[in-house]
Amino acid sequence: MQLYSFFNSSTSYRLRIALALKKVPFEYAAVNIRTAEHRAPDYVDDVNPSALVPAVVDGDFSLGQSLAIIDWLDTRYPTPRLIPLDGEQRARVLELSYLVACDIHPINNLRILKYLDTTLKVLPEQKSAWYRHWVKEGMEGVERLLEKYGRGPWCFGSEPTLADCCLVPQIANALRMGCELDAYPRSMVVFRHASEHPAFDAAQPKLQPDFVPS
Ligand SMILES: N[C@@H](CCC(=O)N[C@@H](CS)C(=O)NCC(=O)O)C(=O)O
C-alpha cells in the first residue's frame, strides 16, 4: 500500500496514526502541497480526484478522504478497531471526529489561508486572528464534549479511537500555529497521553521522510 502524504498535513497525520496503530506496512509517497503537487494532473487523475492529501493506493484501488480511508482500514484490518461497533460508543467517537474534521480543520486549511492572503489580501495578523478564532470555537466544543462524555486516558476510554486520531493532529497544528490551549485541559491530557504512545510518536510530522524544518 502507498500512502500519499505531506508531513505537515494534519489529515495525513490522522492516517499515519491509524496505520501505525494497526501496524499496516506502507510506502510513503510524499506530495508537497506547498508546491501544489496535489494539483498535478497525474496525481488528480490516478490517485485522488479531490486534489488533496492524504490518499492511499492499494493495487488497483485508490481512495481519498482521511475518514473514509480509516473506515476502509477498519474493515480491512479490524485490529485494533478505531471506529467502535457498539452504537453509542461509535456515535460518540464519530461526533468528536466530525467536529474536528468538518468544523475545525476545513476552515483553516491551506487553500483557505492562501485565499485570505492572495485574493482577499488580508493582513498577516488578520489571517492569524482568523486561524485562532476558529481553533478557539472548535476546541471549546471539543472540550465540552470531553468534559461531558470523555473517560479514560484517551478521548473515550482505555484504547485510542478515530477521535484521538483526529484530535491529536489538530492540537499539534494549533500548537505549531501558536494558539493558546490552556483553556482545554481535558483535551491536553489526551494529547499528552498520546505523545507517549509509539504509534502516535511515529506519525509525527518531524519523523516523516519529507519533513523540512520551517
Ligand atoms: N476532508 C479531507 C481534507 C483533506 C485536506 O484538506 N488536506 C489538506 C492538507 S491537511 C490539503 O490537501 N490541502 C491542500 C490545499 O488546501 O490546497 C480529508 O479528511 O482527507
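Read the numbers this way: they start at 1 and go in the same order the structure lists the ligands and their atoms. Not measured: the values here are computed from a predicted model.
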Short question: side chain of [X], backbone of [Y] - any donor-acceptor pair under 3.5 Å?
X: Q208; Y: A202; result: yes
X: T11; Y: V53; result: yes
X: K22; Y: P80; result: yes

Write out the residue and atom name of the closest protein heavy atom to [atom], then the distance separating them to 0.1 Å.
atom: atom 12 (O) of ligand 1; answer: V53 N, 3.0 Å
atom: atom 8 (C) of ligand 1; answer: N109 OD1, 3.4 Å
atom: atom 11 (C) of ligand 1; answer: L52 CD2, 3.6 Å

Measuring from atom OG of S12 to atom OH of Y4, what distance do you get when rounded to the nearest 0.5 angstrom?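 Output value for this atom pair is 13.0 Å.
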Could you say whether the N/O atoms of P54 and ligand 1 ever approach to under 3.5 Å?
no
Check your understanding: Would you say Q65 has any N or O atom under 3.5 Å from an N or O of ligand 1, going by distance alone?
Key ->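 There is such a contact, yes.
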Heavy-atom contacts with [X] under 4.0 Å: which atoms of ligand 1 show up? List them by number with element.
X: L110; result: 15 (C), 16 (O)
X: S66; result: 18 (C), 19 (O), 20 (O)
X: R14; result: 19 (O)
X: S9; result: 9 (C), 10 (S)
X: S10; result: 10 (S)

> Just wondering, more than 12 heavy atoms not from E125 lying within 6.0 Å of its CD?
Replying inline: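 Result for CD/E125: enclosed.
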Query raised in the report: Around atom CZ of F211, are there more than 12 heavy atoms of other residues, nucleotides or ligands at under 6.0 Å?
Result: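 Check passes, neighbour count above 12.
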Would you please say whether a donor-acceptor pair under 3.5 Å links the side chains of [X] and [Y]?
X: R132; Y: S128; result: yes
X: S187; Y: E143; result: yes
X: W134; Y: D103; result: no

inquiry  = If the contact criterion is a heavy-atom separation under 4.0 Å, does A101 count as touching ligand 1?
reply    = no
Out of R39, H38, H105, R111, whose heavy atom is nearest to atom 14 (C) of ligand 1?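 Ranked by closest heavy atom to atom 14 (C) of ligand 1, first place is H38.
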task = Name the option, out of T11, L67, N48, that contains the heavy atom nearest to atom 10 (S) of ligand 1.
result =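 Going through T11, L67, N48 one by one, T11 has the nearest heavy atom to atom 10 (S) of ligand 1.
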